[in-house]
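First comes the structure, then the notes that go with it.
Note on naming: letters A, B, ... go to the chains in the order of the sequence lines (proteins, then strands), and numbering restarts at 1 for each one. Being a predicted model, the structure only gives us computed values, none of them experimental.
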Number of protein chains: 2
Amino acid sequence: MTKYSKQTRILVAVDCIIFGFDGDSLKLLIIQRGFEPEKNKWSLMGGFVEPSEKPENSAARVLKQLTGLENVYMEQMEVFGEPKRDPLERTVSIAYYALIDIHKYKDQLSKEYRAEWVPLKEIPKLIFDHNSMVDHAKKKLRYKAALHPILFELLPEKFTIPQILTLYEGVYDIVLDKRNFSRKLLSTGLLMRQKDKDKENSKKGAFYYKLNKEIYKDKISSFLNFIPNP
Amino acid sequence: MTKYSKQTRILVAVDCIIFGFDGDSLKLLIIQRGFEPEKNKWSLMGGFVEPSEKPENSAARVLKQLTGLENVYMEQMEVFGEPKRDPLERTVSIAYYALIDIHKYKDQLSKEYRAEWVPLKEIPKLIFDHNSMVDHAKKKLRYKAALHPILFELLPEKFTIPQILTLYEGVYDIVLDKRNFSRKLLSTGLLMRQKDKDKENSKKGAFYYKLNKEIYKDKISSFLNFIPNP
DNA sequence: AAAATAAATGTTATTTTGACACGAATAATA
DNA sequence: TATTATTCGTGTCAAAATAACATTTATTTT
């Protein structure tokens, strides 16, 4: 069997930008790199694509390694391919962003990787071009979430409207009119009101809602325009 | 210098989905592959990423090899990384789509590559997973063009409103109301009416327009909603 | 001069948006 | 027990955007 004998083979990696929301601010799960080069520096979670593995599986694999979670919402973002981005050896990296319910995160795993949830606004200097990846991920998340109801992936199964509002305000760094926002949200038919209330955050309590999965599947790729002039 | 010694290196390639519009239908520029495996089969234009080249430059390089054109609108689409997608040797391919003014490349069709413009609806079986790449490109083009004025990249410098209408109708395979469409289009401020008319397609003639590049640059990334419920 | 053709423009009802304010429920406090 | 404080949930209205629809205009051909 002839191969493409004259061509150069390159290391291929994946890096994950992992978003979480704790009810207050949007956060990223980052780690402290355990090996050279750049040992002990802050970094995104990543890994090399293995011989018989497709890249999306590599991404899912490293995400599971770190968090223990499977079937996570994950989207391919962009390839970072600057020849010198990794000074040790050329590596083409495929960036993925993931949205996880921060409460499902099992933090016993965080010791091995020395992982931490860090507010998006306080992300330190990361290795290589990882800060640039974070910027792109934030932009892409904003873009996509303005049109599609993906931010629910960051919330627990039961959530309240004030929580969603806070989430959107956090993602876009804006203040939204709660009346207009909840009108639009409810008009999508995505939400099913529950009988019980969350009494943690107010005296009156806020009704819990769950996602209507059927409608969610339908609407995940239709345009909803959640954000005015994004 | 230590390298990542235990990791596997992989061939990395780019493939280009090249769109053109001849006034009638949306077309793709495809070639007949000149080497084994799959010699003489229809294929997208592509090539391997070279040692010191970033992938977007590889894409621009192969596009120029084929068409002679530079500074073409091009966007990274998605990585195709199935381990067996190329049966000869594992190759991870980064797909790019390009929008070109077909008039700039139709008379000098490359004999070397045996290139042809083929209507999107008549694309034959292509090698590997290239048909899947085409499907994804079409979807992405529809998505993006519904929100951003990128289809102008397919038109010559001077164009008429009926031409744009035909283009949008071709891309989405729908019939649009020309009154509403042109009202929306003109309200963007993107178009500058010229003094002269195109008399090819009607007795009355249709005014030529040019893009207002300033406004174009501003609006290229803002949401315009050209297509109702895309 | 009349007919034919495609371009350009106008009207209106409906829907969606954005700006804005108040009553309801409940826990804490007096 | 009554009052206060707090957040939730909903309602109104004017303005803007949309979608559906028809007529006039410029020009060539007959």
Rounding to a whole Å, what distance do you find between [X]:[atom1] and [N]:[atom2]?
X	N	atom1	atom2	answer
K184(A)	dT10(D)	NZ	C1'	18 Å
F207(A)	dT7(D)	CZ	P	18 Å
R193(A)	dG9(D)	CZ	P	7 Å
L186(B)	dA17(D)	CG	P	15 Å
N201(A)	dA27(C)	CG	C1'	14 Å
L185(B)	dA8(C)	CG	P	12 Å
E200(A)	dA27(C)	CD	P	13 Å

With sequence neighbours excluded, what pairs up with Y113(B) under the ring pair (Phe, Tyr, Trp, His ring centres under 6.0 Å) test?
none

Would you say the side-chain atoms of K41(B) pair up with the backbone N or O of Q32(B), donor to acceptor, closer than 3.5 Å?
no

Within the side chain of Q76(A), is there an N or O that forms a donor-acceptor pair under 3.5 Å with the backbone of A95(A)?
no

Please encode protein proximity along nucleotides 20-30 of chain D as a string of B, S and -, counting only heavy-atom distances under 4.0 Å.
BBB--BBBB--

Should the heavy atoms of other residues, nucleotides or ligands under 6.0 Å from CD of Q108(B) be counted, would the total exceed 12?
yes

Pairwise side-chain contact, K144(A) with E75(A), heavy-atom cut-off 4.5 Å (strictly under)
yes

Need the pair for dT30(D). Rule: Watson-Crick or G-U wobble, both distances under 3.5 Å, any strand; none if unpaired.
dA1(C)

For a quick test of your reading: what N or O donor-acceptor pairs under 3.5 Å do the side chains of residues 120-132 of chain A make, sequence neighbours left out?
from	atom 1	to	atom 2	distance (Å)
K121(A)	NZ	D173(A)	OD1	3.2
K121(A)	NZ	D173(A)	OD2	3.2
D129(A)	OD1	R85(A)	NE	3.2
D129(A)	OD1	R85(A)	NH2	3.0
D129(A)	OD2	R85(A)	NE	2.7
H130(A)	ND1	L44(A)	N	3.0
N131(A)	OD1	L126(A)	N	2.7
N131(A)	ND2	P124(A)	O	3.1

